[in-house]
Amino acid sequence: TSFTQDAVARGWHPSSRVLDAQEEPADVSVARDLGIPPGSGVLRIRRLRLADRSPMALEEVWLPQELFRGLLAEDLSGSLYNLLESQYDRAVYRHDRRISAITVDAPHAELLEMPVGAAALFATQLGFDRHGHRIELGRSVYRGDKFDFTTVTFSARRPQPVGVGTRSRAGGPRRTTAADPVTEQSR
């Protein structure tokens, strides 16, 4: 989910303050993560993410420039994902996200309005479209005292409980494995 979706689900009013938005050549790390050649054009957007006007996260996002030409001329203070979908017909369908615990340094602490050394969550994520193409790299620092993440995991080694899985074409239960996707259509 996006920050906007998470905030709305918690009953907060999300917004953003754009700190910086520019075109730049992708360094080796950004290029590797986005699957593009080093030096390719990317759009880098830094925003302070707010919930009910209170700082919640500092977000830095890189997008392949060739996919999102003209994006920097748009209003970037709202939902970036809604903008990508409505203006460029590109939706972030899946995230691969890694979250770790950190303490904030002085520049982050000032923007997030928290003490230097306070606990925070650092999230790195790759966003993919429905075709599996990498369309976003994000690195965000979330306030550890006001934000959390919930994950749902499934064991690949255990059989699914009876009644979970998909149905055969005849309508009866079909044996599934944990690797079989469970979709809304198959429920």
Side-chain angles (χ1 to χ4, degrees), residues 1-9 12 14-51 53-114 120-144 146-149 151:
T1 59
S2 69
F3 176 85
T4 298
Q5 291 168 326
D6 288 342
V8 169
W12 298 335
S15 61
S16 301
R17 189 169 81 212
V18 178
L19 303 174
D20 186 34
Q22 63 184 357
E23 297 175 9
E24 63 185 30
D27 65 25
V28 173
S29 174
V30 169
R32 180 195 65 234
D33 289 344
L34 285 174
I36 59 177
S40 297
V42 291
L43 307 174
R44 183 176 63 85
I45 302 167
R46 282 185 74 229
R47 303 186 302 170
L48 183 63
R49 303 308 307 266
L50 309 163
R53 292 180 278 183
S54 178
M56 289 290 163
L58 182 60
E59 170 188 271
E60 192 166 21
V61 173
W62 292 265
L63 305 161
Q65 183 178 2
E66 71 176 30
L67 298 178
F68 303 108
R69 296 199 184 279
L71 178 68
L72 298 184
E74 301 286 344
D75 178 7
L76 302 173
S77 64
S79 170
L80 184 60
Y81 289 176
N82 288 346
L83 183 61
L84 298 181
E85 189 167 4
S86 67
Q87 298 297 315
Y88 297 91
D89 199 30
R90 292 282 187 152
V92 176
Y93 177 71
R94 185 188 102 217
H95 281 125
D96 287 354
R97 184 179 284 162
R98 180 184 179 113
I99 303 166
S100 56
I102 62 168
T103 57
V104 293
D105 57 14
H108 286 96
E110 182 178 350
L111 286 167
L112 293 170
E113 298 177 6
M114 52 193 311
L121 299 169
F122 179 70
T124 301
Q125 68 186 31
L126 277 174
F128 297 83
D129 67 13
R130 283 194 175 274
H131 304 289
H133 301 121
R134 300 174 202 179
I135 62 172
E136 175 216 22
L137 167 64
R139 296 179 185 147
S140 302
V141 176
Y142 292 84
R143 289 185 63 131
K146 294 190 176 186
F147 207 90
D148 60 18
F149 290 90
T151 63

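One finds the CZ atom of Arg49 at 13.5 Å from the OG atom of Ser54 (value rounded to the nearest 0.5 Å). From Leu19, atom CG reaches atom CD1 of Ile45 across 11.5 Å, with rounding to the nearest 0.5 Å. Distance check: Gln22 CD to Leu72 CG gives 9.0 Å after rounding to the nearest 0.5 Å. Glu60 contributes atom CD, which lies 9.0 Å from atom OG of Ser140 (distance to the nearest 0.5 angstrom). A distance of 9.0 Å separates CZ in Arg69 from CG in Leu43, rounded to the nearest 0.5 Å. Atom CD of residue Glu110 and atom CD of residue Glu113 lie 9.5 Å apart, to the nearest 0.5 angstrom.
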- Report the C-alpha distance between Leu34 and Leu63 in whole Å, list the side-chain angles of each, state the deciding distance to 0.1 Å, and finish with yes or no for side chain to side chain contact (heavy atoms under 4.5 Å, CB included). CA-CA 8 Å; Leu34 285 174; Leu63 305 161; over 6 Å; no
- Message: Is there a side chain to side chain contact (heavy atoms under 4.5 Å, CB included) between Leu111 and Val141? Walk through the geometry before answering.
- Response: CA-CA 11 Å; Leu111 286 167; Val141 176; over 6 Å; no
- Task: Kindly indicate, with the supporting measurements, whether the criterion side chain to side chain contact (heavy atoms under 4.5 Å, CB included) is fulfilled by Ile36 and Val30.
- Result: CA-CA 8 Å; Ile36 59 177; Val30 169; 5.5 Å; no
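Asp89 CG: 12 or fewer foreign heavy atoms inside a 6.0 Å radius. Remark: Glu24 CD is packed, more than 12 non-hydrogen atoms of other residues, nucleotides or ligands lying under 6.0 Å away. For Glu66, the CD atom sits in a loose shell: 12 or fewer heavy atoms of surrounding residues, nucleotides or ligands are nearer than 6.0 Å.
Under the side chain to side chain donor-acceptor pair (under 3.5 Å) criterion, Glu74 pairs with no residue, sequence neighbours left out. In this structure Glu85 satisfies the side chain to side chain donor-acceptor pair (under 3.5 Å) test with no other residue, sequence neighbours excluded. The ring-ring contact (aromatic ring centres under 6.0 Å, His included) test applied to Phe68 returns Tyr88, not counting sequence neighbours. Phe128 pairs by the ring-ring contact (aromatic ring centres under 6.0 Å, His included) definition with nothing, not counting sequence neighbours. Qualifying side-chain contact (heavy atoms from CB on, under 4.5 Å) partners for Ser15, counting only residues two or more places apart in sequence or in other chains: Leu50.
In plain terms, the two heavy atoms of Gly39 and Pro25 that are nearest each other are O-CB, 3.7 Å. In plain terms, the two heavy atoms of Gly78 and Ser16 that are nearest each other are O-OG, 4.0 Å. The two residues Val104 and Ala120 have their closest heavy-atom pair at CG1-CB, 3.6 Å.
You'll find the side chain of Leu67 stays beyond 4.5 Å of the side chain of Leu84, heavy atoms only. The shortest side-chain heavy-atom distance between Leu80 and Leu71 falls under the 4.5 Å cut-off. Contact check for Asp96 versus Thr124: no side-chain heavy atoms found under the 4.5 Å cut-off. In this structure, the side chains of Val18 and Asp75 stay at 4.5 Å or more apart for every pair of heavy atoms. Side-chain atoms of Leu48 and Leu112, non-hydrogen and from C-beta on, do get closer than 4.5 Å to each other. Side-chain contact between His108 and Met114: absent, with no pair of heavy atoms (C-beta onward) separated by less than 4.5 Å. Contact annotation: the side chain of Val92 never approaches that of Gln125 to less than 4.5 Å [non-hydrogen atoms, C-beta and beyond].
Under the 3.5 Å distance criterion, the side-chain polar atoms of Arg47 are matched with a main-chain donor or acceptor of Leu76. Counting only distance, with no hydrogens or angles, the side chain of Arg90 and the backbone of Asp129 share no donor-acceptor pair below 3.5 Å.
Within the structure, the side-chain hydrogen bond (donor to acceptor under 3.5 Å, both in side chains) test picks out the following pairs touching residues 26-37 (sequence neighbours left out): Ser29-Arg139.
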